[in-house]
Amino acid sequence: MNHCTKLKIASALAAILACLAIASCDNSYGVFSSIQTEKAQVGTTLYKNATVKALGEDAVNQKFFAVMSKVYSRSFAGTAWTLLPVNGVSDYYAAGFASSAATGTIWVASLNAVSSAFNGVYTSTDGGSTWSALTSTALGAGSTVSVDSLFWAGDTLYVLTHNHTAATYSLYYSDGASAFSAVTGMTGLAYPIIGMTKAGTNYWAMTEAQVYLGSSKSTFAADATTGTPTGTIISSSSGSVLGGIAADSTNSVLVTRSDGILFTLTLGGPSWSSATVLDSVKLGVLAEVPTTTGLTAYRLLIAKHNSTYGYCEWNAATSTQVAGNDSTAIFSPTASGYTTTVYDKPVTAIYYSAAKGTILIALAAQASDTYALYSNTYSGTAWSGWTAE
Amino acid sequence: MKRTLAALFALLCIALPLSAQVAGQSESDGTDYFGGLHKKGSQIISLTTGAGIPLFILPADPSATSDYPLGVGASFSLNYEYFVANRLAIGGSLTGAFNTTVGGRTLFMAPVALKLGYWWGTAPLEYTVGMDMGLNIVRLSGNGVITPFIKTGGGAFVQLSQSWSLGGQLYWWFIPEVHFGSSASLNRYGNFLEISIAALYHF
């Protein structure tokens, strides 16, 4: 190889290297400026490398709740999270948790931590100091049937059970204090209910494949509204599934799907509308949060999974999406405030407390050496940004 | 401030013996050029590894909550120098460096630079001062920029054999992160101190 050939090869390699390097650059991202605004996140050891699967609030007794294998609580004013014994038992497994912030009521489906035997569904109206058991004989919980989860939909408590022999799921309801009864049209389901909400007078439930409409608390049927969202249940590498369901401040029902689409059904509307939030990106749980405490404008926080996890902000008024660390993002004043907290961790639950003006976000933080629970509080002029609990 | 003072003290410690050697070497070095190893046509390959100490980022950000958002990191490099004249060498360097941030992220930098060095010494000690200039590929949380890169400093080495020397180096890294247009407000100037050990191979 002569000198000229060597020079050409070296020049070509240098050009390729330069192209690759330049292609990886983002002129709108300031590395050093991002680092300058970072702050150390020192949270509760309890949540480090953990997964928080559900959140709740008791606005009457002023408490927040976070659910892992057990339920933990802290007061609005405090910072310390403590284990919540359920009916005097500290060594239990929380199969399900639900809360009604407005009425100050919480419910826990408790299992024996060792045998997984069903202890019962317990409720408390004093922040967990005293408990009473709901009559749960209708659930048939035992060796064949287990209690999977609890949902609170406006004014009704729902329990999802799982028959291991038949591989089916069934839904039961209660007013929160009385005995459970089976929900008509919601027994023997092929897939588990993953979310419920109430919008206006209608109740809504959702599996990964189907949305169900309850014209009353006790009777549901597959939603037949034009354009109702459906999932195909991914059996190979193709297909899409429903991810999250919520109701907004106008009682519209919102459903996300794993292909990046947000479906909306306005109260009394004749059909569902759809909008692409992030093309071909898996969307998950969602919550509507006011951009200020004046409640004049809202954004949706939508869990997502593309090249990273975390969430995006969706402005329904303008049908625009911004990344959590975008310079126009509302809930993280600095890019690093998002990137060092929520970024790259699956979002399992988002809860907005109107009473406290605080957002709680629950994450799966295993092996990240970071935390699974962050809060964000509106100061009156701006959101504080995410801080480890 | 403590970190900056410590860095300046370290720089002073290495600079004093170097300046003393420069003053005294003309009498003892003669035209030997370190046994011919610093003569025109000689070459050096060096491997270094050491600590990357973040000093400060300018301009300061008023919303910053930590004086030192970066922790002490590590750096490693491969260098080549060719003596184009007695004691004067040019070459290049490939470097990798990383630092963790207070928020738990990792800043990764990969400077690719041209190198200019001045070498002198009397066996068994040899010294260099020099400057690297080039481009720096910077990555943080999946985002990246390419910045200019300048580092300047020097080192002192003990000759272990005819070909090998081992010693220490101290270099100041200056990294201007320049953005254009509406992103010009993101312009920052990073300053780091490299303290490293180096193995030299003369040939």
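A, B, ... follow the sequence lines: proteins, then strands. Residue 1 opens every chain. What you are looking at is a predicted structure, and each value in this text was computed from that prediction instead of being measured.
- Remark: B:Phe98 CZ is loosely packed, at most 12 non-hydrogen atoms of other residues, nucleotides or ligands lying under 6.0 Å away.
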Subject >> Full working for side chain to side chain contact (heavy atoms under 4.5 Å, CB included) between B:Leu107 and A:Val31 >> reply: CA-CA 8 Å; B:Leu107 169 70; A:Val31 171; 3.6 Å; yes
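- Residue A:Ser33 holds its OG atom at 9.0 Å from CG of B:Asn187, rounded to the nearest 0.5 Å.
- Note that the CG atom of B:Leu58 and the CZ atom of A:Phe32 stand 11.0 Å from one another [nearest 0.5 Å].
- No side-chain donor-acceptor contact under 3.5 Å links B:Arg105 and A:Ser336.
- How far CD of A:Gln36 is from CG of B:Leu70: 9.5 Å, rounded to the nearest 0.5 Å.
- Taking a 6.0 Å sphere around CE of B:Met133, one finds it holds 12 or fewer heavy atoms contributed by other residues, nucleotides or ligands.
- Of the atoms belonging to B:Pro62, not a single heavy atom falls under 4.5 Å from chain A.
- A distance-only check finds no donor-acceptor pair linking the side chain of A:Tyr29 to the backbone of B:Gly142 [under 3.5 Å].
- Of the atoms belonging to A:Ser307, not a single heavy atom falls under 4.5 Å from chain B.
- When the shell of 6.0 Å around NZ of A:Lys282 is examined, it contains 12 or fewer heavy atoms from other residues, nucleotides or ligands.
- Per-residue heavy-atom pair counts under 4.5 Å with chain A were compared for B:Ala110, B:Gly104, B:Gly181, B:Ser183, and the maximum is reached by B:Ser183.
- Taking OG1 of A:Thr334 as the start and CG of B:Asp61 as the end, the distance is 9.0 Å to the nearest 0.5 Å.
- Rounded to the nearest 0.5 Å, atoms CG (B:Asn99) and CD1 (A:Ile35) are 8.0 Å apart.
- Contact annotation for A:Thr339: both backbone and side-chain heavy atoms come within less than 4.5 Å of a heavy atom of chain B.
- Under a 3.5 Å cut-off, the side chain of A:Glu38 and the backbone N or O of B:Pro69 do not form any donor-acceptor pair.
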